[in-house]
Amino acid sequence: MVRFDHPSRSPILKAELEHLLRQALASLVPSVLPDAPDPASIAVERTRDPAHGDFATNVALRLAKTAGRKPRELAQAILEAIPPNELIAGAAIAGAGFINFRLAKHTFAATLQRIHDEGERFGRGRVGAGTKVLLEFVSANPTGPMHVGHGRQAAYGATLGNLLVAAGFDVQREFYINDAGRQIDILAVSVYLRYLEASGETLTFPVNGYRAAYILPVAAALRAEVGDSLRRASAEMYADAPPDAPAGDKDKHIDALIGNARRLLGAAGFERIVTFARDRMLAEIRDDLDGFGVSFDRWYSERELETSGAIDRALNKLRDENRVYEKDGAEWFRAVEFGDDEDRVVVRENGLKTYFASDIAYHYDKRQRGFDKLIDVLGADHHGYVARVRGGLVALGEPADCLEVCLVQLVSLFRNGEKLSMGKREGNFVTLRQLRDEVGNDACRLFYLMRSNDQHLDFDLELAKSRSNENPVYYIQYAHARVASVLKQLESRGLRFDRAQGLAHAARLTGVHEEAVLTALSRYPEVVEHAALARAPHALVHYLRELANSFHTYYNAEQFIVEDAELRNARLALVLGVQQVIRNGLGILGVAAPETM
RNA sequence: GCGCCCGUAGCUCAGUUGGAUAGAGCACCGGCCUUCUAAGCCGGUUGUCGCAGGUUCGACUCCUGCCGGGCGCGCCA
């Protein structure tokens with residue numbers, strides 16, 4: 001039996017075959033091939049049709065022209081040049097010039113052995129090579145609860161993080177707290193006005209304030225903490241404030257209110273409300289994420305970025321290198337020179353820095369902290385922002401490709417075939433919390449992850465919470481639970497699983513269903529690697545469904561608990577392998593793997 | 001107007017640097033429980049891959065132009 005525990009051996013069969021193929025091609029230079037082919041062009045792929053074997057490659061087709069030979073002829077030469085190995089049991093030239101490979105049976109047994117040896121570590125790879133990745137996701141504004149769109153970003157980001165770790169990257173997950181700038185002041189003044197109302201003042205709430213109900217408990221909590229000590233007459237709050245929209249300018253109105261609050265309470269007093277409100281909102285966000293199984297290594301405050309001087313350092317560097325200029329009293333970054341559509345303001349006419357200045361500084365800071373790769377998960381509505389941040393990084397001397405942005409498309413909720421309208425302004429949007437309460441964490445995460453992130457998501461509430469066979473969530477979980485059930489049955493018959501015997505007789509697993517299951521299991525490390533590199537968690541969901549499918553088919557076709565102990569233990573080793581891989585995969589997705597359904 | 005995403009079976013969607021006969025779930029029809037959980041399995045039906053050109057041995061995939069849907073284009077964040 002071949003054991004894949006030698007350091008040079010990859011757990012990924014695909015990589016093993018590609019290694020052999022590269023050796024073969026290298027040996028054909030220069031007799032057949034003029035020069036060494038681009039390694040990236042040398043690949044084997046799983047066949048779609050089992051009749052074509054386990055893996056296939058199209059290198060002969062790709063290289064035929066440079067070799068000046070017919071594809072099938074070149075394929076023959078490549079075939080003959082493949083070094084002796086214990087992996088390939090058969091190879092054939094097919095079609096226009098494909099080379100099909102059939103794996104030796106013992107590779108299946110070796111895969112099974114690995115699963116049992118490695119357990120929850122099975123599937124981990126090394127392509128990441130310890131590359132330091134800073135994965136930023138969600139970063140929801142602390143001005144309100146998270147909505148279903150944030151939920152998708154949370155599920156996507158958390159799973160992508162798990163995939164990257166599994167693929168050998170060194171990942172830090174970070175949540176950027178947008179707690180500076182005008183919006184946080186609007187939050188504070190909104191809370192303060194509700195506080196005044198709760199204290200007995202009567203006032204007209206500004207149209208531009210946060211009017212939604214979630215502000216009320218924050219105001220009540222503030223009052224519980226400070227009593228009437230912050231109460232001021234509403235007439236003073238509204239003194240000299242221009243009329244509110246539609247008659248006046250809603251921006252000027254609320255800015256005047258913020259100014260008045262600051263004057264009446266003192267800068268420190270207003271700061272206290274800002275901090276109080278922010279912390280309350282953040283606590284709720286953190287609580288939501290915890291409940292959803294999403295955690296971060298660090299919560300990075302925009303305010304800290306300012307107070308630490310990081311923003312000024314970045315701006316000064318841009319100034320030193322003549323990347324900014326003055327116009328109309330503001331300071332502009334030459335974004336056009338770095339691929340953006342237009343130049344962008346970094347310091348406003350009023351002397352305040354824009355959020356964009358913070359973002360440049362923040363991303364620059366990530367690089368300064370030693371991260372090779374910066375991955376941002378953003379809502380698709382932020383796509384316009386990518387070019388300018390990348391431009392900022394390049395202007396600061398960082399490579400353009402150090403920043404990678406994964407855009408997550410919008411989510412639409414459907415109930416009884418009707419789309420739910422969600423207006424964020426009216427505060428009637430559906431929160432992540434409400435969604436989780438209604439459909440449960442598992443369905444929530446799986447539904448979020450089933451579709452490609454760049455596909456708009458239609459989330460069917462009725463389907464997600466139906467406890468029926470229409471619901472795809474249960475299909476995978478059911479396979480896991482069924483294995484547990486088999487073991488219980490085994491026990492109740494007074495038998496016990498003999499792992500060593502099962503693995504020793506894995507060669508007896510030669511039925512079509514058994515080979516289908518083994519093939520599916522052996523694909524797992526490849527799927528994890530692909531999903532991580534393609535930033536495509538949905539690929540793992542689809543794989544788990546296929547694995548579950550091969551298991552359910554096997555389950556219906558064969559009895560596992562049979563008289564023949566060797567065969568019984570081999571089959572049990574196989575289905576336990578399925579259970580382990582499903583558990584590992586669901587773990588990456590953040591979905592529970594129940595023992596019973 | 002400009003930029004990004006999407007357009008594949010009745011519906012919701014996969015389709016791995018371009019590859020072999022374009023797949024899955026749901027829905028629909030017909031079978032399978034005295035045997036480890038029927039939330040399962042087996043079989044059947046379903047396509048101008050939005051349209052038109054181009055590149056190539058080969059295009060759902062790449063390029064160009066249209067059509068349709070979504071999102072974004074502030075000294076807001």
Side-chain angles (χ1 to χ4, degrees), chain A residues 14 38 40-41 43 45-49 51-52 56 58 61-62 64-65 70-71 94-98 100 141 143 178 180-184 186 251 302 327-332 341-342 344-350 352 354-356 358-359 379-387 407 409-410 412 414 417 450-458 460 463 466-475 477-479 481-490 492-493 526-527 530-531 533-534 536 538-539 541-542 545-546 548-549 551-562 572 575 596-597:
Chain A
K14 178 181 190 299
D38 173 15
S41 71
E45 291 175 351
R46 290 278 176 174
T47 56
R48 193 168 278 172
D49 183 349
H52 294 147
N58 62 0
L61 288 159
R62 297 174 70 98
K65 190 170 279 180
K70 288 178 181 167
F98 296 97
N100 294 335
N141 285 335
T143 53
N178 288 107
R182 192 159 166 270
Q183 58 164 4
I184 203 83
I186 295 176
D251 287 329
E302 184 180 357
K327 189 182 86 178
D328 303 332
E331 208 168 349
W332 299 70
D341 297 333
E342 47 189 304
R344 306 289 172 177
V345 171
V346 285
V347 181
R348 292 196 283 263
E349 194 178 359
N350 63 11
L352 295 177
T354 61
Y355 85 101
F356 173 54
S358 304
D359 278 337
D381 51 342
H382 286 72
H383 69 81
Y385 138 118
V386 178
L407 296 174
Q409 292 290 328
L410 302 180
S412 300
F414 284 80
M450 260 189 324
R451 305 300 177 215
S452 162
N453 59 292
D454 49 29
Q455 187 78 237
H456 186 102
L457 177 67
D458 286 345
D460 185 335
L463 181 59
S466 73
R467 304 185 61 77
S468 76
N469 59 350
E470 295 170 2
N471 194 332
V473 179
Y474 300 116
Y475 189 82
Q477 292 184 322
Y478 185 42
R482 263 187 158 173
V483 177
S485 177
V486 170
L487 288 187
K488 277 178 211 144
Q489 186 61 223
L490 183 75
S492 74
R493 294 189 197 179
E526 295 159 25
V527 170
H530 169 255
L533 295 179
H538 72 281
V541 179
H542 287 272
R545 176 164 243 295
E546 286 161 22
N549 180 30
F551 168 78
H552 285 310
T553 298
Y554 179 36
Y555 180 96
N556 276 273
E558 303 284 352
Q559 196 73 15
F560 307 150
I561 302 174
V562 291
L572 291 171
V575 298
T596 57
M597 298 290 288

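So you know, we letter chains A, B, ... as the sequences are listed, proteins then strands, and number each from 1.
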Separation between the [atom1] atoms of [N] and [M], rounded to whole Å:
N	M	atom1	result
G23(B)	C60(B)	P	13 Å
C49(B)	C2(B)	C1'	29 Å
C67(B)	G74(B)	C1'	32 Å
A9(B)	A14(B)	C1'	13 Å
G58(B)	U21(B)	P	14 Å
G19(B)	U61(B)	C1'	11 Å
G1(B)	U55(B)	C1'	30 Å
C11(B)	G54(B)	C1'	34 Å

For [N], give the paired nucleotide (Watson-Crick: N1-N3 plus N6-O4 or O6-N4; G-U: N1-O2 and O6-N3; both under 3.5 Å), or none.
N	answer
A20(B)	none
U56(B)	none
U34(B)	none
U48(B)	none
C2(B)	G72(B)
G7(B)	C67(B)

Worksheet entry | Upstream residue (5' side of RNA chain B) when Ala539(A) and Asp454(A) are each assigned their closest nucleotide |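 Between the two, 5'-proximity favours Asp454(A).
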
Worksheet item: Relative to the 5' end of RNA chain B, which residue comes earlier, Asn549(A) or Tyr555(A), by the nucleotide with the nearest heavy atom?
Response: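 Residue closer to the 5' terminus by nearest nucleotide: Tyr555(A).
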
Whole Å only: how far is the [atom1] atom of [X] from the [atom2] atom of [N]?
X	N	atom1	atom2	answer
Leu490(A)	C36(B)	CG	P	14 Å
Glu546(A)	G15(B)	CD	P	11 Å
Arg344(A)	C75(B)	CZ	P	8 Å
Leu410(A)	C6(B)	CG	P	14 Å
Arg545(A)	G23(B)	CZ	C1'	13 Å
His383(A)	C4(B)	NE2	P	9 Å

Discussion item. Strictly below 4.0 Å, N to O, side chains only: are Asp251(A) and Arg182(A) in salt-bridge contact?
Written reply: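 Judged by the 4.0 Å cut-off on N to carboxylate O distance, Asp251(A) and Arg182(A) do form a salt bridge.
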
Less than 4.5 Å apart, side chain to side chain, heavy atoms only: is that true for [X] and [Y]?
X	Y	answer
Ile561(A)	Arg493(A)	yes
Glu526(A)	Arg46(A)	yes
His52(A)	Phe98(A)	no

Discussion item. Please classify C62(B) as syn or anti, treating any glycosidic angle within 90° of 0 as syn.
Written reply: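 In terms of base orientation relative to the sugar, C62(B) is anti.
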
Practice prompt. Look at the side-chain N and O atoms of Lys65(A) and state whether any lies under 4.0 Å from the OP1 or OP2 oxygen of C57(B).
Written response: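 Answer yes for this pair, as a side-chain N or O of Lys65(A) is under 4.0 Å from OP1 or OP2.
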
Worksheet item: Looking only at side-chain N and O atoms, does Tyr475(A) come under 4.0 Å of OP1 or OP2 in C41(B)?
Response: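 Yes, because at least one side-chain N or O of Tyr475(A) sits under 4.0 Å from OP1 or OP2 of C41(B).
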
Item to complete: Indicate, with a heavy-atom threshold strictly under 4.0 Å, whether Ala94(A) touches base, sugar-phosphate, or nothing.
Response: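 Base contact.
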
Discussion item. Going by centres under 5.5 angstrom and planes under 30 degrees, do the aromatic ring of His52(A) and the base ring of A20(B) stack?
Written reply: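 Stacked: ring centres under 5.5 Å, planes under 30°.
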
Discussion item. Determine whether a donor-acceptor pair (N or O, by modelled atom type, separation under 3.5 Å) exists between the side chain of Gln183(A) and the backbone of Asn178(A).
Written reply: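 Here the side-chain-to-backbone pair exists.
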
Discussion item. For Lys488(A), is the NZ atom crowded, meaning more than 12 foreign heavy atoms sit under 6.0 Å from it?
Written reply: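 Enclosed.
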
